[in-house]
Amino acid sequence: MKFSTKAIHAGQEPDPSTGAIMTPIFQTSTYAQHGLGGHKGYEYSRSGNPTRTALEDCIAALENSQYGLAFASGLAAEQAILSLLKTGDHMVSCDDLYGGTYRIFERILSRYQIETSYVTAASTADYEKAIRPNTKLIWLETPTNPLLRLVDIRAIAEIAHRHHILLVVDNTFSSPYFQQPLELGADIVLHSTTKYINGHSDVVGGAAVFKDKEVYEAVKFYQNAAGGVPGPFDSWLTLRGIKTLAVRMRQHEENAFTVARFLSEHPRVEKVYYPGLASHPDHELAKSQMKGFGGMVSFQFKGTLEDVDQIVRRFEVITFAESLGGIESLICHPASMTHGSIPREIREARGLTDTLLRLSVGIEDAEDILRDLEQALR
Ligand SMILES: *Cc1c(COP(=O)(O)O)cnc(C)c1O
């Protein structure tokens, strides 16, 4: 099956007992057993629930794998993947990471003497230089947040495998519609399904998809042992959201292009970051590893922090909020919100200035988004 067909059907058969075409919400904690060791594949809903199984199989299929696991949040999925590490291990990651990921590495893993080295995200050679004898994982995000630089997944996978290291790619920003890291050599794909996969800003969830069965089994063990699983209703909402992933992503991208071009010509805009623009430093890499450029656009406003405060108060269609990937347009101010905990000098050295805004372009009518941007910037 191709992508849209899988999004609608993978893991989902009409219910055998009633014929219902939608996977039921199996709102149950336990299952009747018929004698010692006799059950129908489900014993207790932390270990497994049919609604969750449908979601896990569907997300796995979208990343061209059979091995998917769903979690209560993106960070719960991360923690489960990180259970592959033990005290004394080392990890290599990039400097342009989701803040919550950085916080797990620095505030939780560090308690177990698991150390992380950070390299410049787009600088491929630096990943290899940072590898030590005890390095077990390379963890990257592409496109990065909020500057939307690209990391060469094929090249880093080649480095990782030469050193017998697993490569984890956080694919939240692209969704499997635009990028399939396992096909490019990654071993594990991570999603915050809170974002594009569910897509309707009404669920917090996460998923991990694996190339190899053994790695999947190890993380599945942790999923049951530590218990960060999604409930049946959240699993069902996410399954419902996934069905329209392809059409949503196409519209997100079309609107993002329109917004990126509009901002590029706007007199009050200093700089636009969108991998689809030929002026973007990683445009060629984007063309070779992605099937499209996604729905995120960042830009630098010409003005002061006070101007930015005025702008974000004036939006009428766009909402000033954290998060991304929903059908509605959201704008955020990374320097004070998602990246507020990074010291100013480090932030500014990376191009993350006080006048940078990050837009998650929704699927409203593009004309309304442009009109809203125009009136707020004016
Ligand atoms: C939101 C996000 C996460 C964390 O996911 P939650 O669902 O909020 O726990 C991880 N990585 C990226 C890139 C994200 O945007």
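Since the model is a prediction, treat every value here as computed from it, not as a measurement. One-based numbering, in listed order, for ligands and for the atoms of each.
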Practice item. Take R162 and E158 through the salt bridge (charged side-chain N to carboxylate O under 4.0 Å, His left out) test and state the conclusion after the steps. Key: CA-CA 6 Å; R162 199 153 19 85; E158 192 274 316; 2.9 Å; yes
**Study point:** salt bridge (charged side-chain N to carboxylate O under 4.0 Å, His left out) between R344 and D354, intermediate numbers included
**Key:** CA-CA 9 Å; R344 175 185 292 268; D354 276 350; 2.9 Å; yes
Practice item. For ring-ring contact (aromatic ring centres under 6.0 Å, His included), just list the numbers for Y177 and F3, CA-CA rounded to whole Å, side-chain angles, deciding distance to a tenth of an Å, and then say yes or no. Key: CA-CA 7 Å; Y177 184 70; F3 192 90; 5.3 Å; yes
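The closest approach between D170 and ligand 1 falls below 4.0 Å for a heavy atom of the residue. Under a 4.0 angstrom heavy-atom cut-off, G205 registers as being in contact with ligand 1.
Using a cutoff of 4.0 Å between basic side-chain nitrogens and carboxylate oxygens, E374 and R371 are not scored as salt-bridged. Salt bridge annotation for E265-R261: absent, with no cationic side-chain nitrogen under 4.0 angstrom from a carboxylate oxygen.
Residue T101 places no N or O, backbone or side chain, under 3.5 Å from any N or O of ligand 1. Taking distance alone, with nitrogen or oxygen atoms compared against 3.5 Å, S192 approaches ligand 1 more closely than that limit.
Residue E141 has at least one heavy-atom neighbour below 4.0 Å for each of these atoms of ligand 1: 13 (C). In the vicinity of T194, heavy-atom distances shorter than 4.0 Å reach the ligand 1 atoms 7 (O).
Ranking protein heavy atoms by distance to atom 4 (C) of ligand 1, first place goes to Y98 CE2, 3.4 Å. The nearest protein atom to atom 14 (C) of ligand 1, hydrogens excluded, is given as K195 NZ, 3.0 Å; this is a heavy-atom distance. Annotation: atom 6 (P) of ligand 1 to nearest protein heavy atom, G74 N, 3.4 Å.
Contacts between L75 and ligand 1 below 4.0 angstrom, taking non-hydrogen atoms only, involve backbone and side chain alike.
Donor-acceptor pairing under 3.5 Å is lacking for the side chains of E106 and T116.
Aromatic rings from Y216 and Y67 are positioned such that their centres are separated by under 6.0 Å.
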